[in-house]
Amino acid sequence: MTKSPWTEFPEIWNTKAKFMSWLRGGIRRGLWNRSPIKLEVIKRKRKRIINPKTNKEVWGGTCYICGDDFVQKELQVDHIKGEHTLKEISDIQSFVEAMTLVSLDDLDLVCKRCHKIKNHAERYGMTFEEANTEKKVIEFGKLPAPAQHSKLVEIGITPPSTAKARKDAYREWLNKNN
Ligand SMILES: [Zn+2]
């Protein structure tokens with residue numbers, strides 16, 4: 001048995017990071033995405049809500065972070081505590097445990113947006129608020145330049161000419177106004 005398949009099979013995984021990524025993906029898809037405990041969380045926490053798009057009653061739930069209601073397909077199940085990493089072979093045990101030995105108290109429903117922000121915050125060691133600001137800045141940066149200009153004008157800022165300066169100005173405004 002080898003503890004470093006990436007050195008024995010470099011034609012398959014030419015780096016350790018690629019091997020670990022394959023392993024993480026396999027465990028997530030095979031164990032976590034199909035976890036019956038996760039389905040149980042959805043079953044116990046879901047409730048009937050009015051879909052704002054159709055005005056019809058459907059299954060949904062409440063995001064434990066922002067507190068808003070969402071239809072079921074916009075919700076995900078999240079480990080309330082911490083992101084679980086699998087970057088080293090020695091992480092395998094704890095990672096598999098985190099995916100399988102979970103109790104109902106460890107999990108809750110989260111909307112996709114909050115989930116992304118929380119993961120970003122954990123990955124980069126930021127607070128949720130900092131990550132939320134960064135996400136808004138990224139979304140702003142994806143707008144075409146004219147849309148960025150009108151957004152800045154709308155909030156009382158004279159739009160700078162470079163994309164980076166516009167993002168910085170928007171970030172500064174968010175930090176002051178949040
Ligand atoms: Zn949310």
Side-chain angles (χ1 to χ4, degrees), residues 21 24-87 91 94-144 147-148 150-152 154-157 163 166-178:
S21 159
R24 258 194 323 270
I27 294 171
R28 281 221 173 100
R29 282 189 302 275
L31 292 174
W32 177 242
N33 291 358
R34 299 176 191 184
S35 165
I37 300 176
K38 207 169 95 168
L39 297 177
E40 191 59 28
V41 171
I42 296 171
K43 227 165 82 188
R44 293 200 197 182
K45 303 217 169 184
R46 70 182 181 171
K47 60 179 191 187
R48 300 297 282 175
I49 64 159
I50 302 293
N51 183 343
K53 281 181 195 150
T54 60
N55 257 337
K56 284 191 182 133
E57 199 186 286
V58 290
W59 283 113
T62 307
C63 168
Y64 81 95
I65 295 179
C66 66
D68 289 338
D69 285 346
F70 295 89
V71 300
Q72 198 166 303
K73 73 168 197 295
E74 285 167 17
L75 288 166
Q76 293 169 331
V77 175
D78 180 42
H79 279 81
I80 297 165
K81 249 199 206 154
E83 193 196 9
H84 302 279
T85 58
L86 177 52
K87 291 193 174 126
D91 295 334
S94 63
F95 189 79
V96 172
E97 285 183 1
M99 298 297 128
T100 56
L101 308 182
V102 280
S103 88
L104 280 175
D105 301 339
D106 299 327
L107 306 171
D108 212 337
L109 300 177
V110 65
C111 74
K112 286 181 182 172
R113 186 185 163 85
C114 287
H115 204 183
K116 266 194 198 153
I117 295 167
K118 182 167 173 265
N119 286 341
H120 189 88
E122 280 162 359
R123 192 159 307 145
Y124 297 103
M126 298 174 178
T127 65
F128 186 84
E129 285 68 33
E130 286 165 344
N132 193 13
T133 298
E134 233 12 74
K135 175 129 176 65
K136 286 180 184 166
V137 172
I138 290 167
E139 285 164 355
F140 172 82
K142 284 181 185 160
L143 295 172
Q148 293 182 3
S150 26
K151 175 108 196 161
L152 289 175
E154 202 178 290
I155 57 178
I157 295 169
R166 284 195 295 274
K167 277 167 83 171
D168 289 343
Y170 186 58
R171 182 183 294 107
E172 203 180 308
W173 181 84
L174 285 172
N175 283 334
K176 270 191 219 146
N177 291 278
N178 271 350

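What you see is a predicted model; the values in this text were computed from it and never measured. All heavy atoms count here, side chains included; hydrogens, waters and symmetry mates do not. Counting starts at 1 for both ligands and their atoms, in listed order.
More than 12 non-hydrogen atoms from other residues, nucleotides or ligands lie less than 6.0 angstrom from NZ of Lys38.
Within the protein, the N, O or S atoms lying under 2.8 Å from the Zn ion (ligand 1) are Cys63 SG, Cys66 SG, Cys111 SG, Cys114 SG.
Taking the six-membered ring for Trp, Trp32 and His79 have ring centres closer than 6.0 Å.
For Gln148 (side chain) and Gly141 (main-chain N/O), a donor-acceptor pair under 3.5 Å exists by modelled atom type. Not a single donor-acceptor pair under 3.5 Å links the side chain of Glu74 to the backbone N or O of Lys112. Although no hydrogens or angles enter the test, the distance criterion places no donor-acceptor pair under 3.5 Å between the side chain of Arg46 and the main chain of Trp59. Put simply, the side chain of Asn175 never gets that close to the backbone of Glu172: no donor and acceptor are under 3.5 Å apart.
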